[in-house]
Amino acid sequence: MRKLLGLIALLTLVVSCSDDTINDSDFVAGGTFTNSNIRVVQIDTMNVETYTMKFDSLVTSQATRMLIGKYMDPVFGAVKSASYVELLPNSYSIDSEAEYDSIGFFLKYDTYYYNDTLKSNTIHIKELSELLEPEDGSNFYNTSKVAYSDEDLGSITYTPRPLETDSLFIKLSDTLGLGIFDQLQQKDITNTEEFKDYFHGLTFQPGEDDDGSIVGFDFSTSVMRMYYSIPGAESRTQFTADFTINTASSPIPFFNQMSVVETNEYLTTITDSEVVLNSSDTGNQSFVHSGIGYTTKIELTNLKTLFDIPGQGTLLNAVLKIKPVTGSYSDELALRDNLSVYIVDQNNDLSEQLVGTDNTAIQATLNLDGQEFNDIYYEIPLTTYIEGILTTERDADYAIILLPEDYSSTVDRFVLMGTEGSDQGVKLELTYAIYDEDE
């Protein structure tokens with residue numbers, strides 16, 4: 001067993017632990033413990049297996065933003081996101097004396113973007129040719145499809161400035177605007193259902209040849225605006241009618257459709273969620289991509305060999321460290337400060353988000369202390385999770401996965417190291433107290 005556990009360092013009982021690991025309920029030293037010879041050991045040779053898997057689909061109708069754009073990812077391929085929305089007017093009444101002027105769409109930046117905003121993007125706005133209704137009656141997914149007309153209602157080529165400007169304005173077809181204007185003015189449309197039957201909604205499609213960025217827009221403040229006026233004796237009075245994205249219906253008739261044309265030879269073999277690739281078979285790498293559904297799965301396979309150590313013991317602290325692949329990230333393809341940690345069952349179905357003893361979500365946090373020496377890694381406090389396995393409170397067939405925060409509303413991606421090679425990219429570090437050990 002000592003060969004399996006490797007070199008064990010003798011430490012003092014003053015051990016630095018994460019907030020997740022030690023509190024009054026985690027470690028109670030009774031009389032048996034305090035009257036014993038106690039030693040604390042650190043173990044970093046436990047077996048960790050990492051894999052790449054892909055969810056068949058992700059719910060995106062609950063996203064917090066519209067995501068529009070396309071770029072060429074050097075690892076994943078051509079990544080694309082388009083938005084689909086249903087709109088409703090703020091009023092079904094237009095004065096009989098009013099005269100139509102124009103119509104356009106304001107897309108409000110929400111500060112999120114991914115990849116190179118110095119390159120130009122194109123947005124094509126097209127009219128939906130069918131109602132926005134989910135096939136399962138509950139949700140839209142990143143893989144959902146809704147038909148739309150080929151002809152543009154409007155388009156724009158722009159250089160994104162999500163942190164510097166408020167919004168984009170895209171002029172729309174007067175044929176569309178005048179048609180809606182006439183329907184409302186003549187009272188052919190007087191309620192929501194009649195409006196939805198006449199005008200199903202819009203889709204925002206990126207340019208097919210774009211290679212710039214995917215940009216986030218706030219769907220709660222983005223609006224289609226019609227301009228009209230009423231002539232007076234000496235001047236015209238200007239009016240507007242706003243058409244906002246429908247967020248009142250359930251399910252919300254809105255979603256982001258995200259896709260990738262993979263160029264990565266490993267990822268092309270993952271055809272559904274049942275295909276799981278060990279990092280040893282993917283160039284000692286695992287992959288994460290929020291919008292597309294790729295995730296890194298982590299299994300801890302021999303934890304219960306801790307019981308082979310002579311004497312009684314208790315786990316004080318457990319931290320998993322995993323490194324991003326050098327060169328896989330940049331200022332444009334940025335690493336985020338945190339990744340969320342979830343639990344999946346033996347069927348790779350998402351079970352729950354991993355939480356600590358205080359019921360707050362556990363996160364993989366980016367440690368940049370060694371950045372000067374290119375030694376950066378994500379660290380995950382796993383004491384509570386591993387205690388559950390050691391005490392058989394948690395099914396050993398379960399595993400953890402890594403996903404970006406707000407994964408249904410982002411296109412963040414990561415390439416993580418596997419366990420092979422001298423520069424070990426994945427390491428589980430345990431601090432374990434042993435007492436009542438036979439001399």
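Only heavy atoms go into these numbers, but all of them, side chains included; no hydrogens, no water, no symmetry mates.
In this structure, a donor-acceptor pair under 3.5 Å is present between the side chains of Asp412 and Tyr112. Looking only at atom types and distance, the side chain of Asp375 has no donor-acceptor partner in the side chain of Tyr377 under 3.5 Å away. Residues Glu379 and Asn367 have side chains that bring a donor and an acceptor to within less than 3.5 angstrom of each other. No side-chain donor-acceptor contact under 3.5 Å links Glu274 and Asn348. Checking Thr360 against Asp358 by side-chain atom types alone, a donor-acceptor pair falls below 3.5 Å. Donor-acceptor pairing under 3.5 Å is recorded for the side chains of Asn278 and Glu49. Using modelled atom types and a 3.5 Å distance limit, the side chains of Tyr398 and Gln346 yield no donor-acceptor pair. Thr50 and Thr296 share no side-chain donor-acceptor pair at under 3.5 Å. At a cut-off of 3.5 Å, with distance as the only test, a side-chain donor of Thr122 or Thr157 sits close to an acceptor on the other residue. Checked by atom type, the side-chain pair Thr305/Asp308 shows no donor-acceptor distance below 3.5 Å. No hydrogens or angles considered: a donor-acceptor pair under 3.5 Å links the side chains of Ser290 and Thr410.
Side-chain atoms of Glu262 do not come within 3.5 Å of backbone N or O of Asn264 as any donor-acceptor pair. Checked by atom type and distance alone, the side chain of Thr60 never pairs as donor or acceptor with a backbone atom of Ala63 at under 3.5 Å. Without hydrogens or angle criteria, Asn256 side chain to Leu67 main chain gives a donor-acceptor distance under 3.5 Å. Using modelled atom types, one side-chain atom of Asn302 and one backbone atom of Asn47 make a donor-acceptor pair closer than 3.5 Å. Remark: the backbone N or O of Ser249 is paired with a side-chain donor or acceptor of Asn246 at under 3.5 angstrom. Looking only at distances, no side-chain donor or acceptor of Asp210 sits under 3.5 Å from a matching main-chain atom of Gly212. In this structure, the side chain of Glu429 does not engage the main chain of Asp44 through any donor-acceptor pair within 3.5 Å. Side-chain N or O atoms of Thr295 include one that pairs as donor or acceptor with a backbone N or O of Leu402 at under 3.5 Å. No donor-acceptor pair closer than 3.5 Å links the side chain of Asp152 to the backbone N or O of Ser155. At distances below 3.5 Å, not a single donor-acceptor pair connects side-chain atoms of Tyr148 with backbone N or O atoms of Tyr84.
Residues forming a side chain to side chain contact (heavy atoms under 4.5 Å, CB included) with Thr365 (at least two apart in sequence, or on another chain): Asn338, Gln363.
A salt bridge is absent between Glu194 and Lys196; no separation between the charged side-chain nitrogens and carboxylate oxygens falls under 4.0 Å. In summary, Glu208 and Lys80 engage in a salt bridge, as defined by a charged side-chain N under 4.0 Å from a carboxylate O. Of the charged side-chain nitrogens involved, none lies within less than 4.0 Å of a carboxylate oxygen, so that Arg65 and Asp218 do not count as a salt-bridged pair.
A tilted orientation is assigned to the rings of Tyr109 and Tyr158, their planes being inclined by 30° to 60°.
Heavy-atom contacts from other residues, nucleotides or ligands closer than 6.0 Å to CD of Glu135 number 12 or fewer. Around atom CG of Asn90, more than 12 heavy atoms belonging to other residues, nucleotides or ligands sit under 6.0 Å away. Within a 6.0 Å sphere centred on CG of Asp272, heavy atoms belonging to other residues, nucleotides or ligands number more than 12. Annotation for Tyr113: atom OH does not count as buried by contact number, only 12 or fewer foreign heavy atoms lying within 6.0 Å.
Residues Thr419 and Asn284 approach most closely at N-OD1, 3.2 Å, considering heavy atoms. Across every non-hydrogen atom of Asn121 and Pro160, the tightest pair is ND2-CG, 3.7 Å. Here the closest non-hydrogen pair linking Tyr294 and Thr52 is CD2-CG2, 4.2 Å. For the pair Asp197 and His200, the tightest heavy-atom approach, listed with the atom from each and the gap, is O-CE1, 3.3 Å.
Residues Phe204 and Phe105 place their aromatic rings such that the two centres sit under 6.0 Å apart. Ring pair Phe414/Phe287: centre-to-centre distance not below 6.0 Å.
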Verdict with supporting geometry, Glu151 and Lys126, salt bridge (Lys or Arg N to Asp or Glu O under 4.0 Å): CA-CA 7 Å; Glu151 183 179 355; Lys126 300 174 184 290; over 6 Å; no
Verdict with reasoning, Lys70 to Asp211, per salt bridge (Lys or Arg N to Asp or Glu O under 4.0 Å): CA-CA 6 Å; Lys70 181 181 179 181; Asp211 180 15; over 6 Å; no
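For residues 116-140, the pairs satisfying ring-ring contact (aromatic ring centres under 6.0 Å, His included) are Phe140-Phe255, with sequence neighbours left out.
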